[in-house]
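Please read all numbers here as calculations on a predicted model, not as lab measurements. All chains are named by letter (A, B, ...) in the order of the sequence lines, taking the proteins before the strands, and each is independently numbered beginning at 1.
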Number of protein chains: 2
Amino acid sequence: MSAVTDSLDWDHVEPAAARRLIRGAIDAFAERGFQATTTRDIASRAGMSPAALYVHYPSKERLLFEISLYGHNAALEVLRSADQGGTPADRLRGLVAAFTAWHARHHTIAHVVQYELNALSPEHLAEVATIRRAISTEIEQVLADGVQDGSFAVPDLPGTTLAVLSLSIDVARWYTPHRGDPDALGKLYADLAHRMVQT
Amino acid sequence: MSAVTDSLDWDHVEPAAARRLIRGAIDAFAERGFQATTTRDIASRAGMSPAALYVHYPSKERLLFEISLYGHNAALEVLRSADQGGTPADRLRGLVAAFTAWHARHHTIAHVVQYELNALSPEHLAEVATIRRAISTEIEQVLADGVQDGSFAVPDLPGTTLAVLSLSIDVARWYTPHRGDPDALGKLYADLAHRMVQT
DNA sequence: GTCTATATATTGATAGAC
DNA sequence: GTCTATCAATATATAGAC
């Protein structure tokens with residue numbers, strides 16, 4: 001995984017105060033949830049007064065949207081970068097390993113991305129849902145390719161796609177750094193996902 | 001699955017007003033999350049004033065605890081009832097099918113059970129965590145038995161236990177009734193889980 | 001662009017009548 | 001056991017000085 005596609009340091013956010021707010025919001029949302037997080041808490045983590053937050057973002061929801069949008073795009077990019085060609089088996093293993101490791105390595109933002117969707121406005125949710133469909137399609141296409149060339153047996157393609165995605169996504173629910181190396185977890189899950197579909 | 005062990009109609013809660021509060025709270029917590037749910041909303045769903053809630057429960061958190069405790073016990077009971085003996089493969093398939101179908105059929109309460117843990121008080125969380133460990137042990141033991149008799153190949157027992165649990169638990173995140181029959185989903189996931197570990 | 005101070009709304013929970 | 005009325009705390013967001 002390249003350093004660029006895995007970059008989640010929010011260096012593109014300017015000025016630095018806005019970046020501190022994003023980082024503070026991610027930590028707060030992941031720890032306590034969107035609704036339980038106060039703007040005072042976010043501002044405090046960024047080292048400023050509650051009022052200063054509104055110079056950079058018009059609402060708490062907008063902060064969540066920026067995080068969710070960029071996080072979803074980062075996850076999609078990781079998947080696409082991981083598709084290195086080769087047999088469907090190789091490709092599936094690469095996708096699952098990368099997607100799983102991403103959810104472990106970036107478990108804080110991944111938690112916000114996967115479990116705070118219902119706090120988004122309907123318009124913002126729709127925008128994020130487009131990216132989620134693209135993520136799902138990446139997995140489904142590889143499974144379909146494996147069925148096509150006979151290397152996979154998948155009686156229920158949508159259901160199995162969802163199951164493979166579930167495996168990786170649920171990592172954001174339980175992962176903490178003390179639970180092991182993200183890449184090792186990625187390899188384990190790549191193996192398990194491959195076994196689920198191989199002929 | 002017997003009607004008794006799958007019963008989640010809260011008939012044991014008396015009087016009826018308290019039962020209406022529990023049911024209203026489950027729907028509200030699942031729809032909006034614990035923090036975003038107001039006591040007014042819960043009372044309104046139960047057809048009473050906000051003040052009447054406190055006659056039956058001392059706090060909003062206590063309502064969540066009652067739901068979480070009973071929900072966890074119901075999930076554990078479903079797992080234990082599903083262990084009908086036989087080969088490790090038969091037992092694993094039975095456990096995964098039942099546990100998955102339960103999360104689909106009772107996706108509303110399952111969502112509260114799985115995703116509102118951090119809203120519990122430390123004491124209440126500790127009580128629920130005991131049940132969660134028992135649930136995990138049920139799966140782990142069957143996998144260990146399969147390794148023992150040579151029918152399963154599981155290089156990482158804790159990691160694979162977590163992966164099997166993830167598959168079922170994540171159902172509570174995405175399932176809605178229009179996404180298919182709970183029992184059919186259970187059978188699909190039983191098959192996928194079995195393939196993950198079979199030699 | 002940050003601050004202090006505050007407007008305005010809403011929250012969880014309580015008091016007291018019936 | 002339910003109600004109306006309300007308290008006290010806290011929330012998001014804004015006003016205006018610097």
Sequence neighbours left out, what pairs pass salt bridge (Lys or Arg N to Asp or Glu O under 4.0 Å) with at least one residue falling in [range]?
range                       : value
residues 106-122 of chain A : none
residues 141-156 of chain B : B:Arg91-B:Asp145
residues 119-142 of chain B : B:Arg80-B:Glu138
residues 42-61 of chain A   : A:Glu31-A:Arg45, A:Asp41-A:Arg45

Problem - Counterpart residues, salt bridge (charged side-chain N to carboxylate O under 4.0 Å, His left out), relative to A:Arg62 (two or more places apart) - result: A:Glu66
Handout entry: Salt-bridge criterion met for A:Arg105 and A:Asp183 (N-O under 4.0 Å)
Key = yes
Practice task
Report the residues that fulfil side-chain hydrogen bond (donor to acceptor under 3.5 Å, both in side chains) with B:Ser68, sequence neighbours left out, ordered by chain and then residue number.
Solution key: B:His72
Handout entry: Check: A:Ala153 main-chain N/O paired with A:Thr199 side-chain donor or acceptor under 3.5 Å
Key = no
Practice task
Keeping to residues at least two apart or across chains, list the ring-ring contact (aromatic ring centres under 6.0 Å, His included) pairs with something in residues 11-45 of chain A.
Solution key: A:Trp10-A:His12, A:His12-A:Tyr70, A:Phe29-A:Phe34
Problem - Pairs touching residues 113-137 of chain A that satisfy ring-ring contact (aromatic ring centres under 6.0 Å, His included), sequence neighbours left out - result: A:Phe65-A:His124, A:His111-A:Tyr115, A:Tyr115-B:Tyr115
Problem - Chi angles and distances behind the side chain to side chain contact (heavy atoms under 4.5 Å, CB included) call for B:Phe152, B:His194 - result: CA-CA 9 Å; B:Phe152 293 164; B:His194 184 204; 4.1 Å; yes
Exercise for the section: Begin with the C-alpha distance, continue with both residues' side-chain angles, and end with the deciding distance and a verdict on side chain to side chain contact (heavy atoms under 4.5 Å, CB included) for B:Ser151 and B:Thr87. Expected result: CA-CA 9 Å; B:Ser151 56; B:Thr87 66; over 6 Å; no
Completion exercise
In short, the helix from C:dG1-D:dC18 to C:dC18-D:dG1 is bent end to end, axes from five pairs each side, to 10°, by 0°
Fill in the blank from the handout: Footprint ends on DNA chain C, 5' to 3', for atoms under 4.0 angstrom from a heavy atom of chain B, come out as C:dT11 to C:dA15
Handout entry: Of residues 18-31 of chain A, the positions that come close to DNA chain D - non-hydrogen atoms, cut-off under 4.0 Å
Key = none
Between N or O atoms, less than 3.5 Å apart, protein on one side and nucleotides 13-15 of chain D on the other: list the pairs.
unit_1: D:dA13; atom_1: OP2; unit_2: A:Tyr54; atom_2: OH; d: 3.1
unit_1: D:dA13; atom_1: OP2; unit_2: A:Lys60; atom_2: N; d: 3.3

Practice task
Scan A:Thr38 against the nucleic acid and name what it touches under 4.0 Å (heavy atoms): base, sugar-phosphate only, or nothing.
Solution key: sugar-phosphate
